[in-house]
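Below, chains carry the letters A, B, ... as their sequence lines are ordered, and counting in each starts from 1. Please read all numbers here as calculations on a predicted model, not as lab measurements.
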Amino acid sequence: MRPFEVYDTLSRSTRRFQPITPPKVGMFVCGLTPYDDAHIGHGRFAVVFDMVARALRRWGYRVFYVQNVTNVEDKVIRRGAELGVDPLKLSDRYFRAWRDAMDRLGVLSVNYYPHATDYLPEILEQVRTLVDRGRAYASEGSVYYSVAGFPAYGELSGQRTEALRPGARLELDASKRAPEDFVLWKAATPGEPSWESPWGPGRPGWHIEDTAITVRLLGARYDIHGGGVDLKFPHHEAEIAQAEGATGQSPLVNYWMHNGMLTLHGEKMAKSVGNVVGLAETLDAFGPEVLRFFYLNAHYRSPLDFVAGKSLEEAREAFATLAKPAEAIRVAFGRAGETGTAALPDGLRREGEALVERLDATLAEDFRTREAIALLFSWGRSVGPWLERLDELGSADLAILAAPYDWATEVLGFPSGPPAATDVGPVVEAALAARARARARGDFAEADRIREDLTAAGVAVEDRGGSTRWSAPRRPPS
RNA sequence: GCCGAGGUGGCAGAAUGGUUAAUGCGACGGACUGCAGAUCCGUUUCCUGGGGGUUCGAUUCCCUCCCUCGGCUCCA
């Protein structure tokens, strides 16, 4: 197991990671409330924690990564009512769309997506435990957590309960003893989904499913909890209060990781702000690798600004620069013999062998993906002079050239995948043959016209040396 | 107001108590090309919000001010 450091929000410091039960790592990330199409802000947390899980597994940790699905919640119910659809069916539909997007994005590291409604027995048991231990009280069919009885409340976010009271958004709910108390179990409203409980029919509060699920699956204490910074308060604060209040064990989580927000032109992207860019459409237009590149090209804790018509276009160019040598090397490797007619200089060979270690070491410092990507670009420059001579190299040398890119594919999730299969080959070949004839007789106007037509169809044409090469786009042109 | 994260070149975005402050995008020049594109080579020395302080030396550490973003019970 490679040692690494991670910034822990609770202690506000970068700490050396120490699993509770090595090599096992329990990792929980707050997932979606599926009630509408996911946007590219959601994609960021998914890719960030996917990268974390990939890295840890590469380093020898046995990661159990759980991402919950809040499928019963105010917003789901409200949207269902608007559309006249059963809320649970609605959330199921959007969850499926989320999974599709995750598959496309290469987010394959999540072991399990528990749904809130699948954990009602655990939720009810935890609520009852909190009531039994005097942490919570029932009132008018609902159950509330009594924040006053949990002094650590506010430590994660640096908020003090006294400071919260003047907050304009505190619910002035007569059934609560104190305004900062939050609901664990919400009394049923007619026509909405509800489940039987000792306090009457109702449904889970926002925060309780996470701790019911994690106590059940990961235990009273676990290693990593991730999520967006916007969830620090009150959501994660409430999780600590609930779990520690129920189990009597502390700390609930050893390392709190919070990713920075994706902003659109400087403002947080959020459904409630109305400034969202759809995840599925973005994947259609740019493909998963460009999007992953865009996300991981900034440190996960920094805010990341998205500028329409610019950010992803720039990411696409940069990604192409990175991916091209990788693909050329991999293709050459497939053709290469054991020994080549040329050999890499020792200096380059050593650089390549050291680079993979450097990449791991860089990520081991709080997941500095931007720095790792910079190293990969530099490698591209080192490798550059060999790109025209790859066929001269033997497989051992090519493996050295490929190793940093293989590392990137494993941990960052790009570059990967062969070009899309295409059945336009014969058509393109025929057009290029016509173009070659035109060029041969000096009719460049005709030759250029054919090339422009092909370019417009998404086929890149390159004259190299005496031959002409073409390539179909890896994905639909945007 | 309180809590947190930030302010770095034309743009995006790293890093560091010390020779020329990464990397990418863009731009420019060269090779190649019928022209282009792609690719390769090179250039882009005058960039660390303002003001103090510590230090032989600060962009980095400390204080202060200004500004931006996020949270302050909907949120990834």
Output the single nucleotide from B/rG26, B/rG70, B/rG13 whose closest atom is nearest the side chain of A/E317. B/rG26
For the side chain of A/R435, counting heavy atoms from C-beta on, which of B/rC35, B/rC74, B/rG24 is nearest? B/rC35
Can the positive tip of A/R330 be found less than 6.0 Å from the middle of the six-membered ring of A/Y405, inside 45° of the ring normal? no
Hey, can you tell me if A/F45 and A/F49 have their rings parallel, tilted or perpendicular (30° and 60° cut-offs)? tilted
Measuring from the side chain of A/H299 (C-beta onward, heavy atoms only), which nucleotide among B/rU23, B/rA14, B/rC25 has the closest atom? B/rA14
What integer number of Å spans the C1' atoms of B/rC67 and B/rU48? 16 Å
Given the C1' atoms of B/rU55 and B/rU60, what is the spacing between them in whole Å? 13 Å
Sticking with atom C1', work out how far B/rU20 lies from B/rU43, rounded to a whole angstrom. 14 Å
How many whole angstroms separate atom CG of A/L156 from atom C1' of B/rG71? 11 Å
Nearest whole angstrom, please: distance from the P of B/rC74 to the NZ of A/K75. 9 Å
What nucleotide among B/rC3, B/rA22, B/rC74 has an atom nearest to a side-chain atom of A/R12? B/rC3
Nearest to side-chain heavy atoms of A/A374, which nucleotide of B/rU23, B/rA38, B/rG71: B/rU23
When the P atoms of B/rC3 and B/rU64 are compared, how many Å lie between them, rounded to an integer? 12 Å
What I want to find out is whether A/E446 reaches A/R449 closely enough, with some N-O distance under 4.0 Å, to be called a salt bridge. yes
Could you measure between the two C1' atoms, the one in B/rG24 and the one in B/rU8, and give it in whole Å? 15 Å
Between B/rG7 and B/rG17, how many Å separate the two P atoms, rounded to a whole number? 16 Å
Between B/rU44 and B/rG49, how many Å separate the two P atoms, rounded to a whole number? 23 Å
From C-beta outward on A/T321, which listed nucleotide comes closest to its side chain: B/rU73, B/rC74, B/rG24? B/rG24
From the options B/rG70, B/rC3, B/rG24, select the nucleotide whose nearest atom is closest to the side chain of A/E267. B/rG70
Let me know the distance between OH of A/Y300 and C1' of B/rG6, rounded to the nearest Å. 15 Å
Is A/K268 close enough to B/rG71 that one of its side-chain N or O atoms is under 4.0 Å from OP1 or OP2 there? yes
Regarding A/K271 and A/D37, does a basic nitrogen lie under 4.0 Å from an acidic carboxylate oxygen? no
Expressed in whole Å, how much space separates the C1' atoms belonging to B/rU39 and B/rG50? 46 Å
Distance (rounded to the nearest 0.5 Å) between A/L304 CG and A/H299 NE2: 12.0 Å
For atom CZ of A/R96, decide whether the heavy atoms of other residues, nucleotides or ligands shown that lie under 6.0 angstrom number more than 12. no
Of the listed B/rG42, B/rC74, B/rA14, the closest approach to the A/S302 side chain comes from B/rA14
Given B/rA14, B/rC74, B/rG26, identify the nucleotide with an atom nearest to the side chain of A/R370. B/rA14
Any A/Y35 side-chain N or O less than 4.0 Å from OP1/OP2 of B/rC74: no
